[in-house]
K.L.:
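Quick one: the structure is below, and I'll ask about it shortly.
Order of the sequence lines sets the chain letters (A, B, ...), proteins ahead of strands, with each chain counted from 1. Quick caveat, the model's predicted, so the values are computed rather than measured. Heavy atoms only: backbone and side chains are in, while hydrogens, waters and symmetry mates are out.
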2 protein chains.
Amino acid sequence: MAAMQLFYEHGFNATTLNDVARAARANTGSLYYFFKTKDDLLLAVLDNYVQLLWPAVMSAPFEQTEDPIEKIFAVFERYRQGLIHTGCTRGCPIGNLALEVGDAKPAAREKIALNFANWCKAIQQCLDAAAPRFPPDIDREKLSRFVLTILEGGIMQARGHRTIRPFEEAIEFLRDYFNRLLKK
Amino acid sequence: MAAMQLFYEHGFNATTLNDVARAARANTGSLYYFFKTKDDLLLAVLDNYVQLLWPAVMSAPFEQTEDPIEKIFAVFERYRQGLIHTGCTRGCPIGNLALEVGDAKPAAREKIALNFANWCKAIQQCLDAAAPRFPPDIDREKLSRFVLTILEGGIMQARGHRTIRPFEEAIEFLRDYFNRLLKK
DNA sequence: GTCTATATATTGATAGAC
DNA sequence: GTCTATCAATATATAGAC
């Protein structure tokens, strides 16, 4: 799906159907055989991201280590490598779309929320696996959302400053928070 | 400045100069007397946000309490009220622009980075004022960026889910982290 | 400085041949 | 299913009167 890459690189509004068709080595007319409107194409892209969560995001980092907490940091390391690889010009495709078209397109926003929720569920699996090490009053579902908060906020600043440092610092603080949270 | 409000509500690319002119009760032709291009208008808007940091963002929350740490949470409360007031459809105008046009327009990105840096500086003033209560190995400049990370990440999820909860949870976790960090 | 009018390009989308 | 051709609308931007 060529649109996925283009929306990721330039955003939804800045990508024309001409761009999409050219990248797919087709013509604009052909696009409309598959997608009724440009918004429909966006929804298809967001559905695609839902499908890609495990194969493209979680599976590799999760296999790198047995420790559930370290799995989380392996996921962050994957995003860190992505930022470095693009010179901190691109971050999280879902986060980008959340802020660009979130409120204007209800159907898209719901799929964005689903992407967020599924991402958090994967992280919560790790937190649950380490449940005995956490204080009993810690809500691990909320904590999984806080982990995403740190990821997205760190990515945003890395892109804003075009340097990986704010993202790396965010990882360090998350590490410090976990250290203070987890039983020794 | 009408463009500021429109970029905030609909984003940069989704706002036309016609929209801006109409909101300013003028005509598109008039806009070009003040701004050479649409990108120039964006830069002016971002400059405006730099000027507004203290009068429109920091001053009121900072005056609400003497405790420097509570000043920070007063700032978060201000953003929380903003989210609630708009039904979680709008968040941080700088964050929006950072992810929508950040990499495509270098001049804009630099002004976005300046907005981020100044925001963090204000927060760091609070952290420095509470310096003796922090562990000596805590880098308060980095911590100020982590505070922004949590703000922006929390706003993003609040908008994605169209509910204030993720933002409120982020505040709770920041509070918990500070509690664990600060000397009793 | 603000207006009207318009140039030029591009947009999302459609029609119909093959 | 993919193409060519094209529509109608809209975009940014300009020219020149007042």
K.L.:
Nearest whole Å is fine: how far is dT10(C) C1' from Lys38(B) NZ?
P.N.:
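These atoms are roughly 13 Å apart.
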K.L.:
Would one find a side-chain N or O of Tyr32(A) under 4.0 angstrom from OP1 or OP2 of dA13(C)?
P.N.:
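For dA13(C), OP1 or OP2 has a side-chain N or O of Tyr32(A) closer than 4.0 Å.
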K.L.:
Restricting to nitrogen or oxygen on both sides, can you table the protein-nucleotides 2-5 of chain D pairs closer than 3.5 Å?
P.N.:
residue: dC3(D); atom: OP2; partner: Asn27(A); partner atom: N; Å: 3.4
residue: dC3(D); atom: OP2; partner: Asn27(A); partner atom: ND2; Å: 2.9
residue: dC3(D); atom: OP2; partner: Ser30(A); partner atom: OG; Å: 2.9
residue: dC3(D); atom: O5'; partner: Asn27(A); partner atom: ND2; Å: 2.7
residue: dT4(D); atom: OP2; partner: Asn27(A); partner atom: OD1; Å: 3.2

K.L.:
Restricting to pairs with a member in residues 125-134 of chain B, which pass salt bridge (charged side-chain N to carboxylate O under 4.0 Å, His left out), not counting sequence neighbours?
P.N.:
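For residues 125-134 of chain B: Asp67(B)-Arg133(B), Asp128(B)-Arg140(B).
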K.L.:
Do the side chains of Glu168(B) and Arg165(B) get close enough for a salt bridge, i.e. N-O under 4.0 angstrom?
P.N.:
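Result for this pair is yes, salt bridge flagged.
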K.L.:
Please determine, by modelled atom types, if Glu100(A) and Asn96(B) share a side-chain donor-acceptor pair under 3.5 angstrom.
P.N.:
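Distance-only check fails for Glu100(A) and Asn96(B).
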K.L.:
Just the rounded figure in Å: distance from P of dT11(C) to CZ of Phe12(A).
P.N.:
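Phe12(A) atom CZ is separated from dT11(C) atom P by 13 Å.
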K.L.:
CG of Leu31(B) versus C1' of dT12(D): gap in Å, rounded?
P.N.:
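Distance check: Leu31(B) CG to dT12(D) C1' gives 11 Å.
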K.L.:
Determine whether a donor-acceptor pair (N or O, by modelled atom type, separation under 3.5 Å) exists between the side chain of Lys38(A) and the backbone of Phe12(A).
P.N.:
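Yes; at least one donor-acceptor contact below 3.5 Å.
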K.L.:
Taking NZ, NE, NH1 and NH2 as the nitrogens, is one of them in Arg80(B) or Glu77(B) under 4.0 Å from a carboxylate oxygen of the other?
P.N.:
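Salt bridge present between Arg80(B) and Glu77(B).
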K.L.:
Return the value, rounded to whole Å, for the distance between atom CG of Leu17(B) and atom C1' of dT10(C).
P.N.:
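It is 15 Å, rounded to the nearest whole Å.
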K.L.:
What is the distance, to the nearest angstrom, from the CG atom on Asn18(B) to the P atom on dA5(C)?
P.N.:
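Atom CG in Asn18(B) sits about 15 Å away from atom P in dA5(C).
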K.L.:
Angle between ring planes, Phe62(B) versus Trp54(B), binned at 30° and 60°: parallel, tilted or perpendicular?
P.N.:
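If you compare the ring of Phe62(B) with that of Trp54(B), the planes turn out perpendicular.
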K.L.:
Once you round it to whole Å, what is the distance between P of dG12(C) and CG of Leu41(A)?
P.N.:
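Between P of dG12(C) and CG of Leu41(A): 10 Å.
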K.L.:
Leu42(A) has an atom CG; how far is it from atom P of dA13(C), in whole Å?
P.N.:
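The distance from CG of Leu42(A) to P of dA13(C) comes to 12 Å, rounded to the nearest Å.
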